[in-house]
Protein chains: 2
Amino acid sequence: MMAETRDRLLAAGRKAFAEKGFSGASMDDLTAEVGLTRGALYHHFGDKKGLLAAVVAQLDGEMAARAMQAGESAGTGWAALEAQGAAYIEAALDPEVQRIVLLDGPAVLGDPSQWPSQNACLEETRNALIALSAQGLLKSVDIEAAARLLNGAALNAALWIAASDDPPATLPRAQEAFKVLASGFMVR
Amino acid sequence: MMAETRDRLLAAGRKAFAEKGFSGASMDDLTAEVGLTRGALYHHFGDKKGLLAAVVAQLDGEMAARAMQAGESAGTGWAALEAQGAAYIEAALDPEVQRIVLLDGPAVLGDPSQWPSQNACLEETRNALIALSAQGLLKSVDIEAAARLLNGAALNAALWIAASDDPPATLPRAQEAFKVLASGFMVR
DNA sequence: GGATTGACATACGCTGCGTATGTCTATTAT
DNA sequence: ATAATAGACATACGCAGCGTATGTCAATCC
């Protein structure tokens, strides 16, 4: 019963934050939509930010799962990183992800790498780079820095795509450029 | 007289937004600090978002000026882009820039490329890439996409650096990695 | 010299958050 | 079995903060 209430609030929060943004979402409306009051919300999540953090963690997990799957099915080596980046860009095209994880999340909760959810996507990128390094396919660069830059590039690409006139047409442009850019880390 | 009032409000907004974030900044407090009331603010900027937009435009202009100067003094060719990127990363280390332009700005005003201030830094990067392309030093990539990715990488690097334990030590790691990454766009 | 516009201040209402308090149910202890 | 306690919510309250409507005063235009 209690876990179900939490889930309902989480789902309502996800919807409201995606549609109206963090500051635009009313906790009164949000809770009423699932037949509850603010009392339940503050009991489970502490405050408005707490709910956002929970929603972000959920979305982050889903994104990482997709990226990991994409990386695995692309086999090993350099193709895995490229596939992962492409998947990340695609995931970030989701309006929910965009608004909640990429825009409001950092503004309200601070730098993503400090989140308890520990930015699972960044972790994925790091792992891929480590694997490449072990295979001798990577230039000698700072892994952490490289992962950061790649992630940032992909993230910004997604923002660009979503705001563009024709997202479906922009997507491949970004993904192609990402591959070329990432090749900067490749041994020649 | 009137321009001076506007400037005072702008300065107060810049300070308040930097220190307390957008939602944390009170328009009452902010205006009182320069001996005015909210009436003046709404007269000059329309609403709270209007003030933020004006502050962002100001900061954006300053950043672009610094990046351009760095690019010019680095001479021509590939070094210019690298210097520009490094300057961008450094500029983004400023807490004011960080909080206002990189965090709250996108969350409140939406994608930076849609801002009236037209993200001057992105423009700089684009120009540098065009110059490189004309010199035949650039792989055949989508210029717009490339500029986006480079900018995103630099931006995220800045966020990482600022949140790190030892920013001064992290800075060179990021800048070095940026150079390596950017070389992905270089003809071999 | 009256009318109009611009540059602010003042007053008001409403939304919305967080907290304090109340109620009911389900355990746990005795 | 019942008393006590803790958990899961709802209700009630206070307060900050935004936007708007209205008022005032000076400058300018006709």
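The sequence lines fix the lettering, A, B, ..., with proteins before strands; numbering per chain opens at 1. Reckoned from all heavy atoms, side chains included, excluding hydrogens, waters and symmetry mates.
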*For the residue pair B:L138 and B:I143, what are the closest heavy atoms and their distance?*
CD2-CD1, 3.8 Å

*Do the side chains of A:I89 and B:L122 join up, straight or via other hydrophobic residues, at under 4.5 Å, putting them in one cluster?*
no

*asked:* At 4.0 Å (heavy atoms only), tell me whether B:A25 reaches a base, stays on the sugar-phosphate, or touches nothing.
replied: sugar-phosphate

*Distance in Å, A:L149 CG paired with B:L150 CG, rounded so as to fall on 0.5 Å steps*: 10.0 Å

*Rounded off to whole Å, could you give me the CG-to-C1' distance for the A:L36 and D:dA8 pair?*
11 Å

*Residue pairs, two or more places apart or on separate chains, that pass salt bridge (charged side-chain N to carboxylate O under 4.0 Å, His left out) and touch residues 93-104 of chain A*: A:R14-A:E96, A:R99-A:D104

*Give the rounded distance in Å between these two atoms: CG of A:L51 and C1' of C:dG16.*
15 Å

*State the CG-CZ distance between B:L81 and B:F185, to the nearest 0.5 angstrom.*
9.5 Å

*asked:* In whole Å, I'd like the distance from the CG atom of B:D28 to the P atom of D:dC15.
replied: 16 Å

*List for me each residue that meets side chain to side chain contact (heavy atoms under 4.5 Å, CB included) alongside B:K20, sequence neighbours excluded, and say none if there are none.*
none

*Taking atom C1' of D:dT11 as reference, at what distance in whole Å does atom NE2 of A:H43 sit?*
16 Å

_Counting only side-chain nitrogens and oxygens, does B:T5 get under 4.0 Å of the OP1 or OP2 atom of C:dC8?_
yes

*When rounded to the nearest 0.5 angstrom, what is the spacing between CD in B:Q114 and CH2 in A:W160?*
12.0 Å

_Interatomic distance, B:L41 CG vs C:dT10 C1' [rounded to whole Å]_ = 16 Å

*Could you state the atom-to-atom distance from CZ of B:F45 to P of C:dC8 in whole Å?*
11 Å

_Separation of C:dA9 C1' from B:H44 NE2 (nearest whole Å)_ = 12 Å

*asked:* What is the distance, to the nearest angstrom, from the CG atom on A:D7 to the C1' atom on D:dA8?
replied: 15 Å

*Would you classify A:S26 as touching base, sugar-phosphate or nothing, given that sugar-phosphate means primed atoms plus P, OP1 and OP2, and contacts are heavy atoms under 4.0 Å?*
sugar-phosphate

Nucleotide N/O of nucleotides 19-27 of chain D paired with protein N/O under 3.5 Å:
| unit_1 | atom_1 | unit_2 | atom_2 | d |
| --- | --- | --- | --- | --- |
| D:dG19 | OP2 | B:Y42 | OH | 2.3 |
| D:dG19 | OP2 | B:K48 | N | 3.4 |
| D:dG19 | N7 | B:R38 | NH2 | 2.7 |
| D:dG19 | O6 | B:R38 | NH2 | 2.2 |

